[in-house]
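Chain letters run A, B, ... following the sequence lines, proteins first and then strands; every chain starts at 1.
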Amino acid sequence: MNNDINGEFGEVIWQVGGQQGEGIDSTGDILASTLNQLGYYLYGYREFSSRIKGGHTHYRLRISDNPIGAISHKLHLLVALDQESLSTQNHFLVPSGIIIADENLNVNSTMVRHNVVKAPLTRLSEDLGNKIVKNMAALGISIAIMNLRLADFEDVINQRFSKKGSKVVALNLAAIESGFDWACQHELLGKLPLKSGDKKKRLFMIGNQAAALGAIMAGCRFISAYPITPATEIMEYLGRQMPEIGGAAIQAEDEIAAINMVLGASYAGVRAMTSTSGPGLSLMMETIGLSGMTETPVVIIDAQRGGPSTGLPTKHEQSDLLSAIFGTHGEVPKIVITPTSVSQCFYQTANAFNLAEKYQCPVIVLSDVALSLGKQTVEPFDASKIKVDRGQILLEVDPTPEDGTFFQRYGYTASGVSPRPLPGTKNGVHFVTGLEHDETGLPADDPALRTAMMDKRLNKIPDLLPGSTFYHGPDNPDYLLVGYGSTYGPIAEAREMMANDGLLVGHLHILIIWPFPIAELDYNMETAKNIFIIENNATGQLEGLLDMHSPYDRKTKPIRKYNGQPFVPFEIYQQIKERL
Amino acid sequence: MNNDINGEFGEVIWQVGGQQGEGIDSTGDILASTLNQLGYYLYGYREFSSRIKGGHTHYRLRISDNPIGAISHKLHLLVALDQESLSTQNHFLVPSGIIIADENLNVNSTMVRHNVVKAPLTRLSEDLGNKIVKNMAALGISIAIMNLRLADFEDVINQRFSKKGSKVVALNLAAIESGFDWACQHELLGKLPLKSGDKKKRLFMIGNQAAALGAIMAGCRFISAYPITPATEIMEYLGRQMPEIGGAAIQAEDEIAAINMVLGASYAGVRAMTSTSGPGLSLMMETIGLSGMTETPVVIIDAQRGGPSTGLPTKHEQSDLLSAIFGTHGEVPKIVITPTSVSQCFYQTANAFNLAEKYQCPVIVLSDVALSLGKQTVEPFDASKIKVDRGQILLEVDPTPEDGTFFQRYGYTASGVSPRPLPGTKNGVHFVTGLEHDETGLPADDPALRTAMMDKRLNKIPDLLPGSTFYHGPDNPDYLLVGYGSTYGPIAEAREMMANDGLLVGHLHILIIWPFPIAELDYNMETAKNIFIIENNATGQLEGLLDMHSPYDRKTKPIRKYNGQPFVPFEIYQQIKERL
Amino acid sequence: MIEPKIFRSGVRPNWCPGCGDFSVLNALTHSFSELDLAPHQITTVSGIGCSGRISGYLNTYGFHGVHGRALPVAQGVKLANRDLTVMAIGGDGDGLGIGLNHLIHAIRRNVDVTYIIIDNHIYGLTKGQTSPTSPTGFTSKSTPKGSLDTAVSPIQLALSAGIGFLGQAFVGNPKQMIKLIESGIKYNGFSLIIALSNCITYNKVNTLKWFRENIHDLDNDETYSPSDRKQALLSAVEHNDLVTGLIYHEEKASCQDLLPGYPNRPLVAQNLTPQQEILDNLTAAFY
Amino acid sequence: MIEPKIFRSGVRPNWCPGCGDFSVLNALTHSFSELDLAPHQITTVSGIGCSGRISGYLNTYGFHGVHGRALPVAQGVKLANRDLTVMAIGGDGDGLGIGLNHLIHAIRRNVDVTYIIIDNHIYGLTKGQTSPTSPTGFTSKSTPKGSLDTAVSPIQLALSAGIGFLGQAFVGNPKQMIKLIESGIKYNGFSLIIALSNCITYNKVNTLKWFRENIHDLDNDETYSPSDRKQALLSAVEHNDLVTGLIYHEEKASCQDLLPGYPNRPLVAQNLTPQQEILDNLTAAFY
Ligand SMILES: Cc1ncc(C[n+]2csc(CCOP(=O)(O)OP(=O)(O)O)c2C)c(N)n1
Ligand SMILES: Cc1ncc(C[n+]2csc(CCOP(=O)(O)OP(=O)(O)O)c2C)c(N)n1
Ligand code: SF4
Ligand code: SF4
Ligand SMILES: [Mg+2]
Ligand SMILES: [Mg+2]
C-alpha cells in the first residue's frame, strides 16, 4: 500500500458498485474528473452488463501519483450500494481496506477481516429530499476518507449538472457534503489519505474518444457506422464533431452499408472510416476484400468484445485477431494495428490513415473493451506529432493521347503502389473493379498478368513496418513477456514486479501486428530463456502467428485469459511465478 | 504417348476450343459421354470466361484406359474453331500431335512442327444447311482420328437432342458423319487410334453434382442458397431433386439469408445445407459464428474461385482456406473438409452432415473450380458406404420437475457435446442464443462459467478426426509431396513420374484440414528429407498452418500456383526436378 | 387450455420497468393460451435488441440469433417442421434497419411465420440511437441535431410487397394485440404485426401518451375494410402510419402449399436411411 | 457540348448481341452529353451482374464494387465530393435481391445519386436464375417448376419509402430513357430510374415484344399527374407495375442540403493539416 512517512498513500484503488441506473458511472466520473484536475494519474474500468436498467455494475478507479496503465487486483476502498458489490467484490480488498456499505445491506462474516462501515446512504439522501443522490453521499464519504477537499469538487459538479438547473447542482453538492460530514462524525476523515497530485494538466478519456480524436486530427472527414457495443462512442463522438469541423457522419442501415459508404468516400478522396465490433467486422469481410483488390484505402476500428457471435457484448477479449488478418476469401494486403493504450488509440488511429493511403489497403485498428471504454490519464496530445501523408494521390494528370482510354490506375511501379487520381480530376478518368484486372483496371484473366497483379498487391507492404514493436528491459533477459494491444499496461507492471524480485525480465510488445513483425520479434526472442505469450483469448492467436512465422521452436509458454475480463498485473506476475 | 504394340494409345488428350456460344461444351460432352459408355477413364476441364456469349472457351478431355485424376500438360489432338485456340493452345501439343483447324483460320509458322490439317468445318456444316453444327463436323473428324465407331455416338446424340425434335437429331448425326467421311477421305482415319475401353459402367460428372448427390444420400432435405459461380449447379441440382425426394429448396435473397435459413432448418432438425463461393462465404461469417456458439450443425459448401473480392469468378484457386478456418470474430469450433476428387465430393459431403451433427458445429466443405466444374470418371457410388449418424438428438425427453424451466441444452458431458431435443419435442423446450450462456442456454457472463463454456465448445472436437490424411508411397521417403483438396490428382501423378525416375517419393494428402491433423502429418514428415508443399494460392496457406502447428522446422519448400489455373502433374514434377 | 402464465419461462426480464416489451410478452402468452397451443409446439425466433430478449422469457422453444436475421431463421424452422407454430420477433432496428431486406423477401415468399416488430422508434439496447422509424427531426445520441431521414413505413412497404396479413397493435391496447397475434398465427402464410411500443428510457418523444393521442384505430372505423389493399395503403398514408387494428387480410396459398413435392409430414420426420435404389435412380443420368 | 460517343470507353461490351444493356449504355452517353457534362465530372458505381459491367464501358470514373452494394458506395462518393455527378447502376438481382435494403435506406436518406436498375427480370450473369422481379410461375434453372414468390415491385416500394424522383424507362424507347436520366441527374436528391430491359439469352418470357405489348406509358396519359403520390401508387398497382415515364416527382431538400455543418466545398477539398488549435478546442472537455 506504499504509504510514505506521513502515512499518505501514493496509490489508492477505489470502487463503487450498485445496480445499473443508480448513478454508479457518474459517481466514478465525478471523482475521477476532480482527481484528474488535481493532477493524479488514473485508470478507470467499468463492469456492466448488456441491459439497460438493473443488473450489477461497478466502476473501479485506480488513483496514483505515478503513471499507470492497468487496473489492479487490489482494492482499498469499496463503496457498496448493492449486495452484489459486497458478495462479489469484497475479496479484492487489501487487509487494511475499508468497505462503506449502505446500511440496508447484509454484511456477512467473511467481511469482518475488513473495516466495514455501514453508512446510512439512502437515509442521508432522503433527508435532502431525494434518494437518487445516495451515490453522492457515498462520494462525500469517499472524499473524506481520502483526505480530499470538498471545495475541489464544486467545479465538476457545476459543469456536470448545470444543464439540469441550479437546484440539481445544489442537491448534489449538499449530498456530497452530508456524506463528508457523516464521515467526519464517524472518524473516517483521512483514514486512507492520498498524497497530493502534481496539478499538471492531463487528459482523462476513454479509448473510443481518443480514437475519434485521432481520426479528426488525421483529417478524417467522413464516418459511416452502425451502433454496436463497445464501439458506439466513436460514431457518436464523430457524429457530434463532424458538423463542427466540416465533415459528414452517416448512421448506416447496417455494417455492410457502412463500410461500402466509407469505401466510396475514400475512393472519392476523403479520409474516411468506420467503427464496429466483432459481429460488424464479420459482416464487413466481403468489402474488406474489395478494398484490398481495388487498392482503395479504408480504416476500420474494431473494438473487440467477448466472442464468438453475440458473445459477451460488454466484456473484454482479444479474439478477433486472426479473423481480422485472415478474414475475407482470397488473399489481400492488409495492415492490422493493435494500440496499447488510450494515448495510442489517438496516435495509431491517426497513423492508420497514413498507412491506408500510403499502401492503398484496408487498415484495421483492433482495440477492445478495456481500451475502448477504459478511462485513462493521457498526456496532452501533440498535434505536431501527426503528419498527414496522403501517399500517391495525383492532383493533376497529363492528358493521354487517345480519347476513351482509361488512366492506368494500376501501373506497375517499383514500390507496387500506383498513383491514383481522384474522381473529378481531369484526364484521370479510370476504372476500378473487384475483378482481377490489368494495369488499366480492366477485367483480365491472363495467367501471367494475374500472377503479376497478385504479386504487386501482396508485396507492396514491406515485411516490417517501422515501429511495429517495442521492447523494455535489459539486453538478453532470462524472462520475456510478449503481448499485443491493450495488455501493454498489465504486462508492463507485471514486468516491474518481476524486476523488483531481481529477475532479468524484458517486455516485448506489438503495436502493428500485421504485417507480422517477425524480424523484430525474433531478434528479441533469440536469447530469452523463458518466453511467455500473454493474450486475452482461448486459442492463443498471437502464439499461432508466432509459430507460423518463426522457424524456431521457442518453447513459448502461454498465459491466456478468456473469462471476459482484462488481465491485472498481479495475476500475470503470479502465473509466471508459479511456472518458474 | 504410351502406344502399345498395335500402335494403339492408352491415352489421348483431346481439346476443342472456340468462342462461347459455338457449342464447345456440348462437343466435349458428347464425346465424353460416349467414351464413358465405352469404358474409358476421363477427365474433362473447361476454361471459360465470366461472360455469357463470345470470349474464348475450351474443353480439354483426357481419355485413358487407366484411372486418372488430373488434366495433363500434353495435347494430342487440338480442334480449333477460333484463332485463340491456335495461338494460345498449340504449344501444348506433343510433337506428333494433330491440329484440326477450321479452314478460315490463320495457321502460322510456329505450328508447322505439328500436323496441321485445315478442315472445311464451316463449309461442311453449311452444306447440311446450318453452320451451327460445325462443332459436330469437328467431332466427326475427331472420331475418325481416334478410330472410334460412329455408331457408338448415336445413343448420346439421340438423348441429347431428342427434346428438340428428330430433325435436329438427324442434322447433328449428319454433321458428325460428314466430318468422319471427310477425315477418311483425307487419310486421317486411325491416326491416333485409341485402345478400346473396358465397357464397365462408370459415372461421369462434375463435383457439384457429386456433392449434391452426397447431400441427398446423407439425408439433406433442405437447401437454401444464392446463385454464384462456380457453386450454382449445387443449388440448381438440388432445386430439381428436392421435389422428387420430398425436401425443400429455397433460393434466398442473399447469402446471409441462405445460411440463416439453413441454420433455422438445422436447428429444427432437418439436415440442411447451403452452397456458395468466396464472396458468399465472407458474407456468411457472422452466422458461422452463431452456428458455433449455439452448437447448431450447419453444412456449407464453398466452391472456391480465384480471389480476392470478385476476383476471377471462373478460374481455379485454393485461397479461401484460412478464411474458412479463422473467419468469424471470436473463437468457434469448426470442421473444414477438402475433398480430393469428384468421388470424394460425394462421400465427404455426406460425411460433412455426420460430423456437423456429431459435433454440433459448422462444417465447411472446400471444393474449387477444378473439382466443382471439372468432370471426372467416378466409380459407381455405393450407398452402403454412407451411414447416417445424427449424433446426440433426443427424440424423447423426461418431464422436468418444474414448469417454465428450460431443458438444459448445454449440459456438460464427457464429450463436450450435449444432447439436443428438436423443437416440437415434449418436455424438451429450451433456449439457444448467440450470447454466452449457462448450461440451460440462458445468457450468463460469470467469468468461471464463461471459461468453462469456451472450453466445452473448443474441446469437443478431437484434435484428429479419423481419416484426415492419407499417404501413398514407401516408408521413409526421400521426397514428400504434401497437398490438400483438389491437388490430389496432379500430385499423385507427379509422384508416379518421380517414382518412375527411381526416386523414393511419398504423397501425403489432407482430406480433413481442420482440426489440423498435425499428428498424422508430423508422423509422415518426420523422416522425409525434402518436403514440398503444393498449393493453389499465393501466400502458402497450408504451409502457414503447418508452421503454426508443428514445433519442428521442416524446411519445407513451397510450390505455389495462383494464376487461375489448376496444376498439371508435369509442372509439379518439373518444378521439383529443378530444385533437386 | 394451458394457462397464459405457463408460457412464461422462469427467467425475469431485464427490461427497464415501464418498458413496452412487457406488454408484448404478456399478449403473446395470452394468445398462445387462447389458441390452445402447448409450449413445445411453438418456436420463437428473435433478433438482437431489448425486444430480442423476449424469446428467453417465453416458455417456448427459443432461438436468439444474430442482429437482423430472425426472419430467415424462422422460415428455415417452419419449412423444416411445418407442424410447428413459428414466431419471429424483433425490434424496429433489427427488422427495419439491418433486417429490412429479409422482411420484404419473407413477404414475397409467404412462409407461414408470424412476425412481430416491437417498434419503439429507437435503438434501445445500444442506448438510444435513431432508428429507421424515428421521425424526421428526432434527436438522439446518433443524431444530436435531429434525424434527416424520412422515417420508414413498414405498413406501406409490407403492403407494397404484397403481404397477406398485416396488423398494427399498440402496447396500450393489450386486448387488440392479443386478437391480432391470434389471427396472425391462425393465418396460413406470412403475417406481420407491428407492435407500437414505448422505450421509457431513451425515447421521450414517442411515449405511451403520444401514441394514444395520435393513433387512429381501424378496428373501430366502420368505413374501413381490411380486404382492400388500396384503402389500406391510403389510410396508412393519411394517418402517418399511426393506424391500429387489422390493416389487411387476404387468403392465399402459402409457401408450404405451393412448394413442389413438399410433403405433408414435416421434413424432420422423413426417413433418412440411404437407399441404393434412390441413388441408382438419381445417378442413372450420369452413366 | 461533348459528343455522346466520347462517353464510351474504348472497351467493347461483352454482352450478348441483342441484350438490352446496350440501349441503357447508349442512353447514358446521350444524357451526359445533353447535360453538358465532361467525363471526369461523373462517377459511375455499378453492381455485379451483366448490367454491372456497364461502368467499364463508360468513359467516366468507374467503380465496379461487390454484388448488391453499389448504392452505399455511390452515396459515399457523393458525400465525399458533392461536385461530382454520381450514378449507381445495377441489375434487378443486384438491386432488388441482395441489395434491396440499401435502396430503401438510400431513398430515406436522399443523397443526390441517380440510380438505374436495369431490370430484365432474371439473373443474367449467373446464367439464368429467377430474380425478385421474375413473375410468379416463372420457370428458370432455379425454379424449374415455376417461381412461387410474389414479384417485388420496385415502384410501389420506392413510393412507399418516400422517394422524390421516380421514373421507369424501357430499352425499346431510348428517347424517353434519355429524358428520364437527364431529369434524374438534374434532380437534387435521390432519383431512381428503372430500365425495363430484355435478357435475350435467358429470359424468353419478358421479351422486347412482351414489354411493348404490356407497357402503359404515363408520359402519354393526360389524366396522370406525376406529383400525386397516391395516384402514382394506384396506377402502378393497376398496371401491374408496367408503367413507363415519369412516375413521381417532388422537390425536397437533399441530404447534402440538410447535413449539419456540411460545407459547400467538397469534403475532398478541405485542408487536412493537423492544427493544435482544433485539437485544443476538442480536448478542452477532457481536462
Ligand atoms: C451485426 C450487429 N450490429 C450491431 C449490433 C448492436 N446492436 C444490438 S441491438 C441493436 C439495435 C437495437 O434496436 P432495436 O432493434 O430497435 O431493438 P430495441 O432494443 O429497441 O428493442 C444493435 C444495433 C449487433 N448486436 N450486431
Ligand atoms: C456476394 C455475391 N453473391 C453472388 C454473386 C454471383 N452473382 C453475380 S451477378 C449475380 C446476379 C446477376 O443478376 P442481376 O443483378 O439481375 O444482373 P444481370 O446479370 O441480370 O444484369 C449473382 C448472383 C456474387 N458475385 N457475389
Ligand atoms: S432501454 Fe427502452 S427498449 Fe430497452 S428495456 Fe429499457 S425501456 Fe425497454
Ligand atoms: S445473359 Fe442476358 S443480361 Fe447478360 S449479356 Fe446476355 S442478354 Fe444481356
Ligand atoms: Mg427499437
Ligand atoms: Mg437481371
Roughly how far, to the nearest 0.5 Å, is [atom2] of [Y] from [atom1] of [X]?
X      : Y      : atom1 : atom2 : result
B/Q541 : A/M548 : CD    : CE    : 8.0 Å
A/D320 : B/F326 : CG    : CZ    : 14.0 Å
A/D553 : B/D547 : CG    : CG    : 11.5 Å

Which atoms of [X] approach chain A - backbone, side chain, both or neither, heavy atom under 4.5 Å:
X      : value
B/L321 : neither
B/R457 : side chain
B/N537 : both
B/E331 : both
B/E317 : side chain
B/L458 : side chain
B/A324 : neither

Residue selection (most heavy-atom pairs with chain B, distance under 4.5 Å) from [options]:
options                        : answer
A/G307, A/P443, A/G292, A/G289 : A/G307
A/D455, A/I325, A/T287, A/V332 : A/D455
A/T433, A/L322, A/L449         : A/L322
A/S282, A/G564, A/G306         : A/S282

Do you know which of [options] has the most heavy-atom pairs with chain A at a distance under 4.5 angstrom?
options                        : answer
B/L312, B/L290, B/I288         : B/L312
B/T328, B/D446, B/L545         : B/T328
B/T314, B/I256, B/T539         : B/T539
B/G278, B/P313, B/S550, B/G327 : B/G278
B/E286, B/E436, B/H437         : B/E286
B/L281, B/D302, B/T88, B/L283  : B/L283

Exercise. Which region of A/A444, side chain (C-beta onward) or backbone (N, CA, C, O), has a non-hydrogen atom less than 4.5 Å from a non-hydrogen atom of chain B, or is it both or neither?
Worked result: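 Contact with chain B: backbone only.
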Problem set entry | Residue pair A/Y562, B/T451: steps toward the side-chain contact (heavy atoms from CB on, under 4.5 Å) verdict | CA-CA 6 Å; A/Y562 46 100; B/T451 305; 3.6 Å; yes
Exercise. Within a radius of less than 6.0 Å around CG of B/N459, do more than 12 heavy atoms belonging to other residues, nucleotides or ligands occur?
Worked result: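 Counting neighbours around CG of B/N459, more than 12 heavy atoms of other residues, nucleotides or ligands fall under 6.0 Å, so yes.
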Closest non-hydrogen atom pair between [X] and [Y], with its separation:
X      : Y      : result
B/P447 : A/Q565 : CG-NE2, 3.7 Å
A/S309 : B/M293 : CB-CB, 3.7 Å
B/A538 : A/M454 : CB-CE, 3.9 Å

For this session: For a side chain to side chain contact (heavy atoms under 4.5 Å, CB included) with A/H329, tell me which candidate from B/P279, B/P308, B/S319 qualifies.
Result: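 By the side chain to side chain contact (heavy atoms under 4.5 Å, CB included) criterion, A/H329 pairs with just one of B/P279, B/P308, B/S319: B/P279.
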